[in-house]
Colleague: 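Dropping a structure here in structure tokens format, bear with me for questions.
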Amino acid sequence: QVQLVEYGGGSVQAGGSHILSCVVSGYTATNVGIGMGWFRQPPGKEREGVARIYTRSGRIRYADSVKGRFTISRDSAKNTLYLEMNNLKPEDTATYYCAADFIWDSGQSTPTTPSYWGQGTRVTVSS
């Protein structure tokens, strides 16, 4: 059973930085698939993909709205996924979810639905 647990939610001023982490347990190369990453759901809006890393190739993709400001990384030894967020904006306010086993290729406007989700962690950016 794959479990994802996010850490690091909180409040931050616009222009500031924040880091989220996600500890993955029950992971094997076969049951997590090739995609791990982060989604977010702003208040009153649909959930959207934020960043993806393919565990085998290491290839990364970002949503246009966060490109150049957010960085996804993975520490295999610690089974932990990170999302470093810089130059935060009020529109980045959302519940952020760690997710695994999905595809988000360059030809897809939206990612496929992940098989595994974390419980979510709230990030609030104030102006």
Side-chain angles (χ1 to χ4, degrees):
Q1 180 74 15
V2 176
Q3 290 187 320
L4 308 171
V5 180
E6 301 100 338
Y7 298 92
S11 297
V12 62
Q13 293 285 330
S17 299
H18 205 70
I19 296 177
L20 302 178
S21 59
C22 172
V23 178
V24 184
S25 61
Y27 164 91
T28 69
T30 56
N31 71 3
V32 179
I34 61 172
M36 300 179 72
W38 296 89
F39 288 66
R40 69 183 181 185
Q41 187 165 16
K45 296 185 178 181
E46 298 286 319
R47 195 173 298 190
E48 60 186 11
V50 174
R52 175 272 286 147
I53 184 167
Y54 282 152
T55 55
R56 296 193 182 104
S57 69
R59 287 188 295 127
I60 290 173
R61 178 180 177 173
Y62 297 99
D64 288 342
S65 58
V66 306
K67 202 173 295 182
R69 300 188 298 121
F70 288 15
T71 301
I72 186 173
S73 62
R74 177 171 170 256
D75 186 331
S76 300
K78 296 182 179 180
N79 292 326
T80 302
L81 193 68
Y82 300 97
L83 185 68
E84 180 181 352
M85 304 180 289
N86 297 308
N87 190 22
L88 282 159
K89 304 175 181 180
E91 52 264 41
D92 294 318
T93 294
T95 299
Y96 284 75
Y97 298 89
C98 180
D101 194 12
F102 66 97
I103 296 171
W104 193 13
D105 287 336
S106 57
Q108 297 171 258
S109 58
T110 58
T112 60
T113 300
S115 300
Y116 306 100
W117 293 97
Q119 82 284 1
T121 187
R122 178 83 171 183
V123 174
T124 301
V125 184
S126 56
S127 57

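The first residue in the sequence is number 1, and the count goes up from there.
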Colleague: Look at the side chain of E6 and the backbone N and O of C98, then say whether any donor-acceptor pair between them is shorter than 3.5 Å.
Modeller: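 The answer is yes, because a donor-acceptor pair under 3.5 Å joins these two groups.
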Colleague: Check whether more than 12 heavy atoms from other residues, nucleotides or ligands sit under 6.0 Å from atom CD of E46, and answer yes or no.
Modeller: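 Open: at most 12 neighbouring heavy atoms sit under 6.0 Å from CD of E46.
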Colleague: Using a strict threshold of under 4.0 Å (side-chain N to carboxylate O), is an ion pair present between K89 and D92?
Modeller: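 So D92 does not pair with K89 through a salt bridge.
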Colleague: Name the residue from F70, Y62, Y97 that meets the side-chain contact (heavy atoms from CB on, under 4.5 Å) definition with V50.
Modeller: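 It is F70; the other options fail the test.
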Colleague: Closest heavy-atom contact between G35 and Y54?
Modeller: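 In terms of heavy atoms, the two residues are closest at CA-CD2, 3.7 Å.
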Colleague: G9 and H18: which non-hydrogen atoms are nearest, and at how many Å?
Modeller: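 Closest heavy-atom pair between G9 and H18: C-NE2, 3.9 Å.
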Colleague: Let me check something: do I72 and I19 share a hydrophobic cluster, defined by ILVMFWY side-chain heavy atoms less than 4.5 Å apart, either directly or through other members?
Modeller: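 Hydrophobic grouping puts I72 apart from I19.
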Colleague: Show the nearest heavy-atom pair for residues V24 and V2, with the distance to one decimal.
Modeller: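 Where V24 meets V2 most closely, the heavy atoms are CG1-CG1, 4.3 Å.
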Colleague: How long is the span from the OG atom in S21 to the NZ atom in K78, to the nearest 0.5 Å?
Modeller: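 Spacing of OG (S21) from NZ (K78) equals 10.0 Å.
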Colleague: Find the distance between OH (Y116) and CG (L4) and round it off to the nearest 0.5 Å.
Modeller: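 With rounding to 0.5 Å, OH (Y116) is 9.5 Å from CG (L4).
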Colleague: Answer whether the closest heavy-atom distance between the side chains of P43 and R122 falls below 4.5 Å.
Modeller: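 In short, these two side chains touch, coming nearer than 4.5 Å.
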Colleague: Minimum heavy-atom separation for L81 and I53, please, with both atom names.
Modeller: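 Nearest heavy atoms, L81 then I53: CD1-CG2, 3.8 Å.
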Colleague: Mind checking ring pair (Phe, Tyr, Trp, His ring centres under 6.0 Å) for Y96 and listing every partner two or more places apart, or none if nothing turns up?
Modeller: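 Checked Y96 against ring pair (Phe, Tyr, Trp, His ring centres under 6.0 Å); zero matches.
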Colleague: Backbone N or O of W104 within a donor-acceptor pair of the R52 side chain at under 3.5 Å?
Modeller: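 Side chain of R52 to backbone of W104: a pair is present.
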Colleague: Check for a donor-acceptor pair, side chain of T112 on one end and backbone N or O of F102 on the other, with a separation under 3.5 Å.
Modeller: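 Looks like no, no N/O pair under 3.5 Å.
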Colleague: What's the separation between atom CD in E91 and atom OG in S127, rounded to the nearest 0.5 Å?
Modeller: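 Output value for this atom pair is 10.0 Å.
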Colleague: Working to the nearest 0.5 Å, report the span between OG1 of T113 and CZ of F39.
Modeller: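 If we round to the nearest 0.5 Å, T113:OG1 and F39:CZ are 7.5 Å apart.
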Colleague: Taking C-beta and beyond as the side chain, do R40 and V66 meet within less than 4.5 Å on heavy atoms?
Modeller: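 SC-SC contact between R40 and V66 confirmed.
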Colleague: On a heavy-atom basis, which atom in A14 and which in P90 lie closest, and how many Å separate them?
Modeller: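 Here A14 and P90 meet closest at CB-CD, 4.1 Å.
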Colleague: side-chain contact (heavy atoms from CB on, under 4.5 Å) between Q3 and V23: does it pass, once the steps are laid out?
Modeller: CA-CA 8 Å; Q3 290 187 320; V23 178; over 6 Å; no
Colleague: Find the distance between OG1 (T71) and CG (N86) and round it off to the nearest 0.5 Å.
Modeller: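 Between T71 OG1 and N86 CG, I get 6.5 Å after rounding to 0.5 Å.
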Colleague: Is it true that a side-chain atom of R69 and a backbone atom of N87 form a donor plus acceptor pair closer than 3.5 Å?
Modeller: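 Answer holds: yes.
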Colleague: Apply the test side-chain contact (heavy atoms from CB on, under 4.5 Å) to residues V12 and M85: give CA-CA distance (whole Å), side-chain angles for both, the deciding distance (0.1 Å), then the verdict.
Modeller: CA-CA 11 Å; V12 62; M85 304 180 289; over 6 Å; no
Colleague: Pair R47, W117 - check side-chain contact (heavy atoms from CB on, under 4.5 Å), show working.
Modeller: CA-CA 12 Å; R47 195 173 298 190; W117 293 97; 3.3 Å; yes
Colleague: I'd like to know if Y7 and Y82 are part of one continuous hydrophobic network [Ile/Leu/Val/Met/Phe/Trp/Tyr, side-chain heavy atoms within less than 4.5 Å].
Modeller: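 The answer is no; the residues belong to distinct hydrophobic clusters.
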Colleague: When rounded to the nearest 0.5 angstrom, what distance separates OG1 in T110 from CD in Q108?
Modeller: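 Rounded to the nearest 0.5 Å, the OG1-CD separation comes out at 7.0 Å.
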